[in-house]
Number of protein chains: 2
Amino acid sequence: MLTDRQLMILQVIIDDFIESAKPVGSRALSKKDTLPYSAATIRNEMADLEESGFLEKTHTSSGRVPSEKGYRYYVDHLIGPEIYQHGLGIIERLTNNGIYEFEQIVQTAAEALSKLTNYTSIILGPEMFEATVKQIQVLALSDQSAVAILVTNTGHVEHRSFTLPKGVSSSDLEKLVNILNDRLHGIPLYRIPEVIQNEVASLMMKYMNGLDSSLNWIRTLFTQEQAVKLYFGGKANILMQPEFNDVDRIRSFYSLMEREDEIVNLLKNSNQGIKVSIGHENEVEEIKDLSLITASYHIGGGQMGTIALIGPTRMEYKKVLSLMESISREMTGAMGKWYSDKS
Amino acid sequence: MLTDRQLMILQVIIDDFIESAKPVGSRALSKKDTLPYSAATIRNEMADLEESGFLEKTHTSSGRVPSEKGYRYYVDHLIGPEIYQHGLGIIERLTNNGIYEFEQIVQTAAEALSKLTNYTSIILGPEMFEATVKQIQVLALSDQSAVAILVTNTGHVEHRSFTLPKGVSSSDLEKLVNILNDRLHGIPLYRIPEVIQNEVASLMMKYMNGLDSSLNWIRTLFTQEQAVKLYFGGKANILMQPEFNDVDRIRSFYSLMEREDEIVNLLKNSNQGIKVSIGHENEVEEIKDLSLITASYHIGGGQMGTIALIGPTRMEYKKVLSLMESISREMTGAMGKWYSDKS
DNA sequence: ATTTAGCACTCAAAACATGAGAGTGCTAAC
DNA sequence: GTTAGCACTCTCATGTTTTGAGTGCTAAAT
């Protein structure tokens with residue numbers, strides 16, 4: 001339904017607008033040597049493109065600006081599989097000495113992503129519900145306090161300090177840790193409270209005394225409250241975008257960024273592969289004039305997190321898409337290598 | 001050198017401006033019943049106060065605004081020891097079940113602080129150089145990978161994953177961990193690299209073979225790169241302040257917030273007690289028109305961190321100072337209770 | 001039957017003008 | 001010493017004009 005020439009013009013307009021952020025007019029277009037037509041001709045074509053909904057005007061006598069439909073078409077059909085070279089090997093570089101810390105890798109990846117694109121990046125840490133218990137340890141720090149450490153099969157380490165309940169001797173504690181390790185080893189994190197309730201409780205009754213009051217306490221100790229973590233990169237980048245010249249716009253954006261649970265939801269329901277949500281395609285009010293790109297990464301079998309990038313709808317989709325593609329592949333690759341799933 | 005009446009007027013002007021953010025004029029002041037003088041009288045006094053440098057005009061015929069000198073005087077002499085009631089017991093509330101996670105406490109404290117004040121809070125995590133090694137553990141995750149865990153006497157847990165160097169058997173690893181625990185127990189973190197170099201190296205030579213190439217690797221594994229962590233609260237709060245109505249102002253602020261090392265420096269050199277830096281008293285360009293309040297907290301013997309609050313010079317010093325006072329005391333108290341220093 | 005040149009028209013943004021309002025400084029009276 | 005009064009100043013909001021980029025349409029050119 002669109003002629004070749006219209007597609008060409010659409011492409012050039014979008015490319016131009018993505019770069020300049022200014023409405024593009026017929027005169028400027030006719031000067032480009034990719035389009036050997038006069039301004040008037042281009043005007044006609046633009047009028048058609050507007051009628052079909054791919055372009056918009058900001059006011060009656062302004063140049064044209066891509067509509068969301070225009071961007072959508074651009075993303076779906078007008079960008080070829082172009083590979084963005086920079087930024088490859090980011091993660092490899094981080095870990096080439098064989099030593100790594102998960103948090104640091106993810107944080108650096110987020111920063112790199114935002115630096116390379118000048119947009120704001122968000123990485124959702126991996127779901128850990130399915131990770132299983134590898135080992136539990138309790139270490140006394142003093143007479144009154146101790147630290148409990150839990151290591152999962154994926155190499156995650158959770159720890160929590162606590163004051164020792166009265167009347168708990170060190171041998172009690174040792175017994176308790178033995179019971180916990182015995183019963184919880186290999187159990188996925190989300191089942192911990194349940195197992196403690198059903199199995200650990202009775203064993204505690206049997207082999208230890210006076211500890212049943214502590215049961216509730218132990219359950220609390222090993223219950224994860226917030227399962228996923230967010231890593232941000234370049235929160236300030238978005239301020240460089242001319243569409244953020246309005247203080248209220250900035251306010252609303254940053255206020256969203258502080259509501260982490262909403263962000264988690266926003267990123268979570270991303271399925272496999274890369275997903276581009278342009279403007280109103282987003283559910284969340286505050287980013288209905290932005291574009292959100294999400295890509296998932298995987299760790300071993302099934303657990304996963306999401307990499308996301310937020311920027312104006314006028315986003316450098318070409319660059320961004322290929323970059324996200326390669327980073328998510330790299331992350332999946334790197335993680336999979338280390339976190340083997342044998343327990 | 002200032003008359004009582006001038007002090008009164010100064011105080012009222014500052015209080016008023018702190019609340020309204022608008023230059024305050026003589027007419028409005030004469031209407032308050034704390035000041036039973038006519039506008040003209042007040043005008044004269046204000047002229048004097050301006051001459052002595054406590055007040056400023058934004059332009060020739062505007063109301064007066066406190067100068068930095070004015071704020072300084074206000075903070076030093078004009079606010080009594082007023083106790084801010086809300087927000088007491090924040091930290092107690094967080095830990096009343098005896099279970100706590102350091103990071104979470106600090107983060108929550110930062111958020112509470114910013115919520116109660118509507119400014120941006122920053123908490124500098126404790127210096128850990130002086131904490132000593134309590135225990136080191138290495139846990140194999142698979143044939144190729146393992147996780148190393150280090151617990152300090154203060155209950156901090158550091159962990160790092162790594163791929164096992166080739167030719168390292170599990171018994172080698174066990175020996176290594178034994179050596180490390182033997183030599184490093186009780187050693188402060190900052191001395192770890194040195195001790196590994198001098199003592200561990202020779203022992204490794206003696207009892208294990210083929211591992212000397214891994215020495216460097218072990219040193220890297222146990223070397224802390226970034227010793228302090230920052231916790232932010234209410235980064236978006238500052239946007240609500242009318243002095244942040246300018247996009248460039250916002251940009252510069254957020255760009256500073258991303259340069260964490262600079263922030264660490266800014267907060268670090270705070271000595272005991274509470275310190276107020278008003279406007280140009282700050283060294284850092286980006287906050288020369290803001291006020292920075294810092295207070296230190298302590299953990300057991302000597303290690304410490306800093307609590308900070310950033311807001312416009314037009315800050316509610318009364319409220320903020322008493323709040324910072326009580327929060328830093330609470331943190332010191334709470335931390336000290338748990339992190340006893342016996343190793 | 002396209003394409004193009006030309007021209008009238010539109011609108012946003014910048015530049016300029018005007019007036020009201022809040023506030024000051026000064027003088028003279030209280 | 002305090003206050004009323006008044007001329008003066010500057011900002012801010014509002015209205016007006018100008019400029020320039022861009023369009024849509026028509027008629028001529030290819």
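Hydrogens, waters and symmetry mates are skipped; everything else that's a heavy atom, side chains included, is used. Numbers restart at 1 for each chain; the letters A, B, ... are given by sequence-line order, proteins then strands.
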request  = Would you classify B:Thr41 as touching base, sugar-phosphate or nothing, given that sugar-phosphate means primed atoms plus P, OP1 and OP2, and contacts are heavy atoms under 4.0 Å?
outcome  =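 Since a base atom lies under 4.0 Å of B:Thr41, the category is base.
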request  = Please determine, by modelled atom types, if A:Arg259 and A:Ser255 share a side-chain donor-acceptor pair under 3.5 angstrom.
outcome  =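 Judged by distance alone, the side chains do pair up.
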query = With a 3.5 Å cut-off and no angle check, do the side chains of B:Ser291 and B:Tyr317 form a donor-acceptor pair?
reply =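 B:Ser291 vs B:Tyr317: donor-acceptor pair found between side chains.
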Taking [atom1] from [X] and [atom2] from [N], how many angstroms apart are they, rounded to a whole number?
| X | N | atom1 | atom2 | value |
| --- | --- | --- | --- | --- |
| B:Asn44 | C:dC26 | CG | P | 9 Å |
| B:Leu49 | C:dG25 | CG | C1' | 16 Å |
| A:Ile13 | D:dT23 | CD1 | C1' | 13 Å |
| B:Leu29 | D:dT3 | CG | C1' | 16 Å |
| B:Glu51 | C:dC26 | CD | P | 10 Å |
| A:His59 | D:dA21 | NE2 | P | 13 Å |
| A:Leu55 | D:dT23 | CG | C1' | 14 Å |
| B:Ile42 | C:dG25 | CD1 | P | 13 Å |

Within the 6.0 Å centroid threshold, strictly below: B:Tyr254 and A:Tyr254 =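 So the answer is yes for these two rings.
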Residue-phosphate contact under 4.0 Å: [X] side-chain N/O, [N] OP1/OP2:
| X | N | value |
| --- | --- | --- |
| B:Ser38 | D:dT3 | yes |
| A:Arg5 | C:dT3 | yes |
| A:Ser26 | D:dT23 | yes |
| B:Lys57 | C:dG25 | yes |

query = Under the criterion side-chain hydrogen bond (donor to acceptor under 3.5 Å, both in side chains), which of A:Arg72, A:Lys275, A:Lys288 is the partner of A:Glu281?
reply =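 Only one option passes, and that is A:Arg72.
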Any salt bridge between [X] and [Y], counting N to O under 4.0 Å?
| X | Y | answer |
| --- | --- | --- |
| B:Arg249 | B:Asp289 | yes |
| A:Lys32 | A:Asp16 | yes |
| B:Arg64 | B:Glu50 | yes |

Any N/O donor-acceptor pair, [X] side-chain to [N] base, under 3.5 Å:
| X | N | result |
| --- | --- | --- |
| A:Arg64 | D:dG24 | no |
| A:Arg43 | D:dG24 | yes |
| A:Thr60 | C:dT10 | no |

task = Give the angle between the helix axes at the two ends of the helix from C:dA1-D:dT30 to C:dC30-D:dG1, taking five base pairs at each end and rounding to 10°.
result =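 Between the first-five-pair axis and the last-five-pair axis there is 20°.
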request  = Tell me which of B:Ser61 and B:Pro36 sits closer to the 5' end of DNA chain D, going by the nucleotide each one is nearest to.
outcome  =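 Taking each residue's closest nucleotide, the earlier one in sequence belongs to B:Pro36.
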